[in-house]
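Working notes, structure below.
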Amino acid sequence: MTKKNIDEVMRLTQECLTRYWQLDIDYIISLCDEDVVRIGALQREFTMGKEALIDDLTAVKTEIKPCHLVSQEYEVAQNAGTTCTIAGRYL
């Protein structure tokens, strides 16, 4: 991916996580392909496919409280030309 594309992917990653913790799952879902994979911090947070992701995010929305992220850091973990993996951490 080009530097411009990577910058956009990093921005979208940060925006999706910010909105996730504000319980705005519709924004996240609007950006997802049918072949989306979600890997979270917990063992049960491994979801494959858009429908499964929608079910998972809808359930999570009832379990978490809205909050604001701080100390956000994101890095490109892998750049394969047409795909890119972003890893990050935040509080």
Could you tell me if the side chain of [Y] sits less than 4.5 Å from the side chain of [X], heavy atoms only?
X     : Y     : answer
Ile54 : Lys50 : yes
Gln78 : Thr83 : yes
Leu12 : Tyr27 : yes
Val76 : Thr85 : no

Practice item. Grab the two heavy atoms, one from Val36 and one from Cys32, that are nearest each other, plus how far apart they are. Key: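 So the two residues come closest at CG2-SG, 3.9 Å.
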Exercise for review: Without swapping roles, check the side chain of Glu15 against the backbone of Arg11 for a donor-acceptor pair under 3.5 Å.
Suggested key: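 It does not hold such a pair.
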Check your understanding: Judged by atom type as modelled, is there a donor-acceptor pair below 3.5 Å linking the side chain of Gln22 to the main-chain atoms of Cys67?
Key ->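 Yes, because the side chain of Gln22 sits within donor-acceptor range (under 3.5 Å) of the backbone of Cys67.
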Atom [atom1] in [X], atom [atom2] in [Y]: separation rounded to 0.5 Å?
X     : Y     : atom1 : atom2 : value
Thr47 : Leu57 : OG1   : CG    : 7.5 Å
Ile39 : Leu42 : CD1   : CG    : 13.0 Å
Glu75 : Thr13 : CD    : OG1   : 11.5 Å
Glu63 : Leu23 : CD    : CG    : 11.5 Å
Leu17 : Gln72 : CG    : CD    : 7.5 Å
Thr58 : Leu53 : OG1   : CG    : 8.5 Å

Check your understanding: If Ile, Leu, Val, Met, Phe, Trp and Tyr residues are connected whenever their side-chain heavy atoms lie under 4.5 Å apart, and connections chain through other members, are Leu69 and Ile25 in the same group?
Key ->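 Yes, because Leu69 and Ile25 connect within a single hydrophobic cluster, where side-chain heavy atoms sit under 4.5 Å apart.
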Practice item. Please answer: with hydrophobic residues joined when any side-chain heavy atoms are less than 4.5 Å apart, are Ile28 and Ile64 in the same cluster? Key: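 Linked within one cluster.
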Review point. Do Lys3 and Asp7 meet the salt-bridge criterion of a basic N to acidic O distance under 4.0 Å?
Key: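 A salt bridge links Asp7 with Lys3.
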Check your understanding: Under the side chain to side chain contact (heavy atoms under 4.5 Å, CB included) criterion, do Asn5 and Cys84 qualify, and how do the steps go?
Key -> CA-CA 9 Å; Asn5 288 347; Cys84 182; over 6 Å; no
Practice item. Kindly assign one of parallel, tilted or perpendicular to the pair Trp21 and Tyr90, based on the angle between their ring planes and the thresholds 30° and 60°. Key: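 Correct class here is perpendicular.
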Review point. Should the heavy atoms of other residues, nucleotides or ligands under 6.0 Å from CD of Gln43 be counted, would the total exceed 12?
Key: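 No - once you tally the heavy atoms of other residues, nucleotides and ligands closer than 6.0 Å, there are 12 at most.
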